[in-house]
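Written out below as structure tokens is the structure these notes cover.
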Amino acid sequence: MLPVAGDELLEALNVRVMGDEEAQLTLVLAHGFGCTQTVWEDVLPTLLNHPIQGGIRTIIFDWPGAASTELTPQPAFYPAFSHILLSILQHLHVSSCIYVGHSMAAMIGCIAALQQPDLFDKLILVGASPRYLNTEAYYGGFEQEELDQLYGAMANDFHGWAAGFARAVVGADADKEAVAKFEAMLSGMQPEVALGMAKSIFQSDYRGVLEDLADKLHNENIDGMKVVVLQTRKDGAVPPAVSDYLKLHLGSKARVEVLQVEGHVPHLSAPHLFTSALLNNILD
């Protein structure tokens, strides 16, 4: 557990609430590994100025381990982060929200939704993967040897690795500024923290969470909750087979939308395209 709670937790994680305090709709934006909340900067103006009926309130924050916070995560941090998410929502008196989780934050949101499903009207999962490591019956995109090489590169020359990883992850469609921004966020992490988080993420297996969530969505008939998977046409971290797996195992209350852009961070590399897709799914 973290050593802080309440207002101290909000301050430590740089929680920001923007928009109409009396808005009917609350949108939570949760960043992925290597990022900070600034990854949403090019998305926020359109969201906050959109004439959504009833208004919109947007919440952003930094996960422990991000360059912009001094809090560090423990190994196998997904359940702890889901608790952090629920604590933030509780402290801000959020009774329902649309949750947008990028990369690792996608599965963190699914875990939180299992614990308190009434809080989540919709889960929008961006570049989501329940497991990155291949098995005989599952294709996550990585072999163990590849991951071991990645960990070795991080340990030997973290900043050099971060530069190459940024170019590969942000994608060929991104401009130099987008790649440089991701690299700066990633390089700002403590190297040992980044390595520990990377191992926890890439060695994780949360396929069982999908099964449990699907069971709640269908067998317990959770009214209203829907799941949307936003997947780019080419993602170096999450192949299309993973989004197919998500759709198959989440069933009829989930759908996949393929964004016509490359890269793992479309809200950074193609913010206008991403924001348009996000708004369509918020208003749907």
Side-chain angles (χ1 to χ4, degrees), residues 1-41 43-44 47-48 55-121 123-126 181-182 184-201 204 206 209 267:
M1 300 297 291
L2 290 172
V4 293
D7 288 338
E8 290 185 358
L9 178 64
L10 300 190
E11 182 177 355
L13 299 179
N14 306 309
V15 176
R16 296 170 59 200
V17 182
M18 295 163 288
D20 184 0
E21 292 185 0
E22 304 299 323
Q24 294 181 9
L25 184 134
T26 297
L27 184 68
V28 180
L29 304 177
H31 68 77
F33 172 71
C35 298
T36 70
Q37 62 178 263
T38 60
V39 76
W40 305 109
E41 281 182 344
V43 173
L44 283 169
L47 292 178
L48 294 173
I56 184 170
R57 177 174 66 157
T58 302
I59 299 169
I60 59 174
F61 60 95
D62 295 312
W63 292 115
S68 47
T69 177
E70 295 182 359
L71 294 179
T72 57
Q74 299 298 315
F77 57 83
Y78 279 53
F81 277 25
S82 70
H83 177 75
I84 288 171
L85 172 61
L86 294 174
S87 296
I88 291 172
L89 298 181
Q90 180 182 23
H91 198 70
L92 294 176
H93 306 291
V94 175
S95 58
S96 65
C97 71
I98 293 177
Y99 174 83
V100 182
H102 171 237
S103 195
M104 68 177 190
M107 293 310 299
I108 292 166
C110 291
I111 296 170
L114 272 177
Q115 297 170 14
Q116 295 192 35
D118 292 343
L119 271 179
F120 300 90
D121 293 329
L123 300 173
I124 300 178
L125 312 179
V126 185
K181 182 171 183 176
F182 183 81
M185 290 185 290
L186 181 58
S187 296
M189 297 179 70
Q190 299 177 40
E192 66 277 9
V193 171
L195 178 56
M197 292 186 71
K199 289 181 177 180
S200 291
I201 292 166
S204 67
Y206 288 103
V209 169
H267 41 305

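The residues of the chain are indexed from 1 along the displayed sequence.
The OH atom of Y78 lies 8.0 Å from the CD1 atom of I111; values are rounded to the nearest 0.5 Å. For the atom pair I98 CD1 and L25 CG, the distance stands at 4.5 Å (nearest 0.5 Å). The distance from atom CD1 of I59 to atom CD of Q37, rounded to the nearest 0.5 Å, is 12.0 Å. For the atom pair OG1 of T69 and CE of M189, the computed distance is 11.0 Å after rounding to the nearest 0.5 Å. Atom-to-atom distance recorded for I84:CD1 and L89:CG is 12.0 Å, nearest 0.5 angstrom. Distance check: I60 CD1 to L47 CG gives 10.5 Å after rounding to the nearest 0.5 Å.
Side-chain contact check for Q116 versus Q90: every heavy-atom pair is 4.5 Å or farther apart. The closest side-chain heavy-atom distance from V39 to F182 is not below 4.5 Å.
Each side chain to side chain donor-acceptor pair (under 3.5 Å) pair with one or both residues in residues 186-198, not counting sequence neighbours, would appear here, but there are none. Residue pairs that meet the salt bridge (charged side-chain N to carboxylate O under 4.0 Å, His left out) test with at least one member in residues 30-41, sequence neighbours left out, are E41-K181.
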Can you check side chain to side chain donor-acceptor pair (under 3.5 Å) on D62 and S68, steps first, answer last?
CA-CA 7 Å; D62 295 312; S68 47; 2.8 Å; yes

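Applying the side-chain contact (heavy atoms from CB on, under 4.5 Å) rule to L114 yields the partners V209, D212, L213, K216; only residues at least two apart in sequence or on another chain are considered. Not counting sequence neighbours, Q24 has no partner by the side-chain contact (heavy atoms from CB on, under 4.5 Å) test. Checked against side-chain hydrogen bond (donor to acceptor under 3.5 Å, both in side chains), D20 has no partners two or more places apart in sequence or in another chain. Scanning for ring-ring contact (aromatic ring centres under 6.0 Å, His included) contacts around F81 gives W63, F77, with sequence neighbours left out. Every residue two or more places apart in sequence or in another chain that forms a side-chain hydrogen bond (donor to acceptor under 3.5 Å, both in side chains) with T38 is listed here: T36. The side-chain contact (heavy atoms from CB on, under 4.5 Å) check on A112 picks up S82, L85, L86, F120, with sequence neighbours excluded. With sequence neighbours excluded, the residues that form a side-chain hydrogen bond (donor to acceptor under 3.5 Å, both in side chains) with T26 are R57.
For the pair L125 and A106, the tightest heavy-atom approach, listed with the atom from each and the gap, is CD2-O, 3.6 Å. Nearest heavy atoms, L48 versus T58: CD2-OG1, 3.7 Å. When all heavy atoms of L119 and S95 are compared, the pair lying nearest together is CD2-O, 3.5 Å. Taking every heavy atom of both residues into account, A66 and C35 meet most closely at CB-O, 3.6 Å.
Residue-environment remark: CD (E11) stays at or below the threshold of 12 foreign heavy atoms within 6.0 Å.
Between H267 and H102, the ring-plane angle classifies as perpendicular under the 30° and 60° cut-offs.
Ring to ring, H31 and W40 are not that close: their centroids are 6.0 angstrom or more apart.
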